[in-house]
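Here is the structure we will look at, set down as structure tokens.
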Amino acid sequence: MGTFAPIVLYWVYAGFYHLLPPLDRYRLHTKRDEENKNLVPFSTVVKGVLLQQLVQAIVALFLLTTTTTKNASGVTVQPSIPKQILQILIAMFVMDTWQYFVHRYMHQNKFLYRHIHSQHHRLVVPYAIGALYNHPMEGLLLDTVGGAISYLASGMTARTAVVFFCFAVVKTVDDHCGLWLPGNIFHIFFQNNTAYHDIHHQLQGLKYNYSQPFFSIWDKLLGTYMPFDLVKRPGGGFEARLAKE
């Protein structure tokens, strides 16, 4: 059941955002912009996410069943809490590293961008349910393979992995929710957040803010960090505006 926990949580958390009222005071884009600027219908987004999650579930089930070790009593022994926290931090760093370089290369390689990564950017105005809307090849390479490498490199158990992937899913959904809600803990503790990723989805920010889903380390080290200002929009809500403008 742990294999499907991140998938269920994705739809619960993204569904929560989807069912909220418009909340125009907190939106990074107007509802009208979401409806007019996005280049793919909602039904297609849902189908694309479900396809990616099917592949992820198959890979996760295979990994978790083939790498789990048990003691003589047939029980998997969990490491201490501090060690599990360390393993999760390692997995976060590995996932960020993998996704940064693969994501950046998909922007720099014109063939990969045109035929694969541009599918994700058809959502010019991101929303929660579309967080994992990608070309199937990108979903496999960026998210599924990246997740597998993070799991294996950290040495975490299957139970710890479920916690990690559930957290990663919630963070990814939140980064695409398009809302700047007061008290959002991801906005408080992570510089790489909803507004940070919104910059990347803007035309002027396509070659910046590649880092995802946790930190902004690689953007800052390799010169692809784009600072921005969060300003109030005259008609209500907020706007993530490039600081270089």
The salt bridge (Lys or Arg N to Asp or Glu O under 4.0 Å) partners of D175 (sequence neighbours excluded) come to K171
Other hydrophobic cluster members with L203, side-chain heavy atoms of Ile/Leu/Val/Met/Phe/Trp/Tyr under 4.5 Å, chained?
Y113, L206
Mind checking what makes salt bridge (Lys or Arg N to Asp or Glu O under 4.0 Å) contact with R27, not counting sequence neighbours?
E34
Could you see if L19 belongs to whatever hydrophobic cluster contains I129? Use Ile, Leu, Val, Met, Phe, Trp, Tyr and a side-chain cutoff under 4.5 Å.
no
Measure up the H117 and H200 rings against each other and bin them: parallel (under 30°), tilted (30 to 60°), perpendicular (over 60°).
tilted
With a 4.5 Å heavy-atom cut-off, do N209 and T224 have their side chains touching?
no
Distance-only polar pair, side chains of Q52 and K47, donor-acceptor under 3.5 Å
no
Hey, quick one: are I7 and M95 part of the same hydrophobic cluster, counting side-chain heavy atoms closer than 4.5 Å, chains of contacts allowed?
yes
For D174 and N193, which I'm curious about, is there any donor-acceptor pair between the side chains at under 3.5 Å?
no
Side-chain H-bond candidate by donor/acceptor type, N109 with Y105, under 3.5 Å
yes
Do the rings of F186 and F190 sit parallel, tilted or perpendicular, given the 30° and 60° boundaries?
tilted
Residues that W218 engages under side-chain hydrogen bond (donor to acceptor under 3.5 Å, both in side chains), provided they are two or more places apart:
T97
Under 3.5 Å side-chain donor-acceptor pair for Q119 and E138:
no
Side chain to side chain donor-acceptor pair (under 3.5 Å) assessment of Q78 paired with K83:
CA-CA 9 Å; Q78 284 291 105; K83 184 174 181 179; over 6 Å; no
Hey, would you say the Y133 and H121 ring centroids sit under 6.0 Å apart?
no
When you look at Y225 and Q191, which way does the side chain to side chain donor-acceptor pair (under 3.5 Å) test go after all the steps?
CA-CA 11 Å; Y225 170 66; Q191 185 181 24; 3.1 Å; yes
Distance-minimising heavy-atom pair for S211 and I217:
OG-N, 4.5 Å
Got a sec, which pairs hit ring-ring contact (aromatic ring centres under 6.0 Å, His included) with one end in residues 153-177, sequence neighbours left out?
H120-H176, F167-F214, H176-H197, H176-H201
Same cluster for F16 and W11 if Ile/Leu/Val/Met/Phe/Trp/Tyr side chains link at under 4.5 Å?
yes
Check side-chain hydrogen bond (donor to acceptor under 3.5 Å, both in side chains) between T172 and all other residues, then give those that pass, not counting sequence neighbours.
none
